[in-house]
Every structure is written in structure tokens, then in C-alpha cells.
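Just so you know, residue 1 is the first one in the sequence shown, and it goes up from there.
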Amino acid sequence: MECDKKYITIQQLEQHNKAGDLWISINGKVYNVSDWSKYHPGGETPLLNLAGKDVTDAFTAYHPTTAWQYLNKFFTGYRLKDYEVSEVSKDYRNIIHEFTKAGMFENKGHTAVFTLTSVAAMFGFVFYGVLCCNSLWVHLCSAMVLGMAWIQSAYIGHDSGHYIVMSGHGWNKFVQLITGNCLTGISIAWWKWTHNAHHIACNSLDYDPDLQHIPVFAVSSRLFNSVQDRTLNIMGIIVFWTWFPLLVSWLPNWSHRVMFVLTSFVVTSIQHVQFCLNHFSANVYVGPPNGNDWFEKQTNGTLDISCSPWMDWFFDGCYGS
């Protein structure tokens, strides 16, 4: 019965906002995730960024429907006494419901297979051009194709990191390790550690890690305490730093090798320019995100750039993620 339910206020919830004392609210029900935060697949940072707040919209956006069944074991028995849903959040939740019914969040299926096949074909061309030809122009073309293959691989790593490429969790993780660690030399665990926090605190100068890699690339050593699957990630990076130097060493002389490395990196830098346009050209703010304005933060931190269909493919349809 309603009179038997226990309630706390939003102000009381906000007091539980730090590691070891981390409460959140979902649909007005209060959960204690203090211990769970250390094992959270998305890392501890997203939970810390929204600690002591209602996280309904963020939880809905980044968890499959099967995740709801695990919430009960974290339920404190409390509900928010003054829980309210903004009109914007109501509209957002209605849109999510309609899109889900329409199947718009289903796995990419044949699109993912096409992209993976195209990446495999590009890498095949690169290895053939380096191992079987001595022409400078073939090596130059191979380097350009390698740069484009890295771009496409990174996007597949991005999508599989959001678990939207393959049908199962394990297959998505496998694709992450192959396309991220093995093919591009990017630790997918590090990427998820920062990227999930980026989405939760999109364009916060204080809490968005994706805005904190300038002017130099620097990540706190605390990263290694929260990276999951350390062994697999390290092995994947070793795979990259094995095949890439060996491939370069197969070129006939140092002028070809320097040209090959520089050209492939220059082509890949197109992706970094796009990332800068997406992440650093939108509105920014200072301080932590608010759970109840999560949708507004996402839209304010996103740029919608119109382009031709072939550019949509080349840039993976990325619009500011």
C-alpha cells in the first residue's frame, strides 16, 4: 500500500554522491550502487558523475531492456517524495518508446557485415600492395587505403563499444578487440572508460574526459584500476604493434617506409579533424551534469552536419558522438 512505502527527498538523495556512498534514482525508486560501481561494465566514472541524482533517461539510453531485471537487488526501499519528470524528458521517453516499438534500435545486421567486409578488403589490398609490389605509387595508394581502413575500423569499434553491431555481448566484445586493439592500436577498454563518461557529462569542461585531452594526450593512472579485460586489451595492443612495424619493415627502403607511415597517418587525421568539429564546436558548460536535464545536454553538445551519402558512409554517419 502507498502508506507503507518509504520516501526521501531529492536533497537527501543528493547527499549520497561519492564513492562508497553512491545512490541514484530511476523512475523515482532509489538504488544503492556503491559496491556495484566498481564492477559496472561502463566504468565507475559515469555513475560518479550522476551520483545522487535521478538517472532515468541516461539509464534508458545506455542499457538494454534486460538490464532492468537486475535493479531490484540494489533497491534501498526508498522512493523520491518530490520526484517529477520534466516535459522535455516526457517527450524524450515517448520518442524512445515509439522508436523501440518500430525496431529502430535493432542490431545493424547486414550493414555491419558490409562494413566489416569492406574493412577486410581494404586491409587485404594494403598487405598485397606492400608484400607483392615494389612500385612507389602502389605503396602510396596502400598507405592511403590503410588510413581509410583505420578510420572505418575505429567506427566499428565505436559502434561495437556501444554494443549495437552484433547480436550478442560476447560477439560485440570480440569485434571491439579486433577492430580497436588489433587493427588500430586503440585500447577499446580505455575508449569505453572515457567515452561513456563523455556521453553522461557531454561537453562539461570539468567532467567530460573527451574534452580533457588538449593540449596533450594525458590520462590519469587511475585508468588502469578500472579497465576491464586488461589482459585481452594488452594482448590486442601487442598484436597491433607486431603486425604494423613488420608491414612497414617489408617495404624496400627507408624513403618508402617514411612515406608510408606519414601518408597513412595523414589520411587517418581526417577522422581526428571530424572529432574536433563534433566535440569542441558545440556548447560547453562548467560543473557536473544534472540527471534531469540529460537529454538537453546531449542535444546541446551535438552538431548535425548535412553531407552527401558517400560521406555518411566514410564518417559512419557520425554526427557528434
Side-chain angles (χ1 to χ4, degrees), residues 108-162 164-166 171-172 174-188 190-191 195 217 233 235-279 305 307-319 321:
K108 292 187 175 181
H110 67 278
T111 303
V113 173
F114 170 78
T115 306
L116 289 169
T117 302
S118 66
V119 168
M122 284 189 282
F123 273 99
F125 175 86
V126 171
F127 277 85
Y128 177 82
V130 172
L131 301 179
C132 301
C133 301
N134 291 320
S135 168
L136 174 64
W137 292 106
V138 173
H139 293 163
L140 178 62
C141 290
S142 298
M144 296 173 66
V145 172
L146 178 59
M148 290 188 287
W150 278 337
I151 291 175
Q152 295 304 311
S153 296
Y155 288 133
I156 298 174
H158 171 274
D159 290 352
S160 60
H162 283 296
I164 59 174
V165 172
M166 310 301 286
W171 282 110
N172 271 295
F174 174 75
V175 172
Q176 292 168 28
L177 290 169
I178 295 298
T179 59
N181 297 59
C182 296
L183 295 184
T184 64
I186 301 172
S187 169
I188 198 68
W190 161 79
W191 175 85
H195 196 70
F217 185 87
N233 273 269
M235 290 176 62
I237 296 297
I238 292 174
V239 168
F240 173 82
W241 286 111
T242 300
W243 72 259
F244 182 57
L246 285 175
L247 180 68
V248 173
S249 68
W250 197 271
L251 292 163
N253 53 60
W254 277 104
S255 61
H256 281 224
R257 293 166 190 161
V258 172
M259 176 277 300
F260 184 87
V261 171
L262 290 179
T263 301
S264 60
F265 284 6
V266 167
V267 172
T268 309
S269 70
I270 298 173
Q271 185 180 56
H272 296 279
V273 172
Q274 181 210 8
F275 285 167
C276 289
L277 290 174
N278 287 343
H279 289 89
I305 303 174
C307 56
S308 59
W310 72 268
M311 288 187 67
D312 272 336
W313 172 81
F314 188 76
F315 293 117
D316 194 46
C318 250
Y319 52 85
S321 61

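- Closest approach of Gln271 to Ile151, counting heavy atoms only: NE2-O, 3.2 Å.
- Ile237 and Ser187 get closest at one heavy-atom pair: CD1-N, 3.7 Å.
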Show me, pair by pair, the donor-acceptor contacts under 3.5 angstrom made by side chains of residues 116-129, not counting sequence neighbours?
from: Thr117; atom 1: OG1; to: Val113; atom 2: O; distance (Å): 2.7
from: Ser118; atom 1: OG; to: Phe114; atom 2: O; distance (Å): 3.4
from: Ser118; atom 1: OG; to: Thr115; atom 2: O; distance (Å): 2.7

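- The distance from atom OG1 of Thr179 to atom NE2 of His158, rounded to the nearest 0.5 Å, is 11.5 Å.
- Residues in residues 247-259 take part in these side-chain hydrogen bond (donor to acceptor under 3.5 Å, both in side chains) pairs, two or more places apart or across chains: His139-His256, Asn253-Ser255.
- A distance-only check finds no donor-acceptor pair linking the side chain of Thr263 to the backbone of Phe260 [under 3.5 Å].
- Considering only heavy atoms from C-beta on, Phe244 comes within 4.5 Å of Val261 through its side chain.
- No side-chain heavy atom of Met259 sits under 4.5 Å from any side-chain heavy atom of Leu251.
- In this structure, the side chains of Trp150 and Ile186 stay at 4.5 Å or more apart for every pair of heavy atoms.
- Contact between Leu183 and Ser153 at its shortest, heavy atoms only, is CD1-OG, 3.9 Å.
- Partners of Val138 under the side chain to side chain contact (heavy atoms under 4.5 Å, CB included) rule, at least two apart in sequence or in another chain, are Cys133, Ser135, Ser142.
- A heavy-atom distance below 4.5 Å is not found between the side chains of Asn181 and Val239.
- To the nearest 0.5 Å, atoms CE (Met148) and CD (Gln152) are separated by 9.0 Å.
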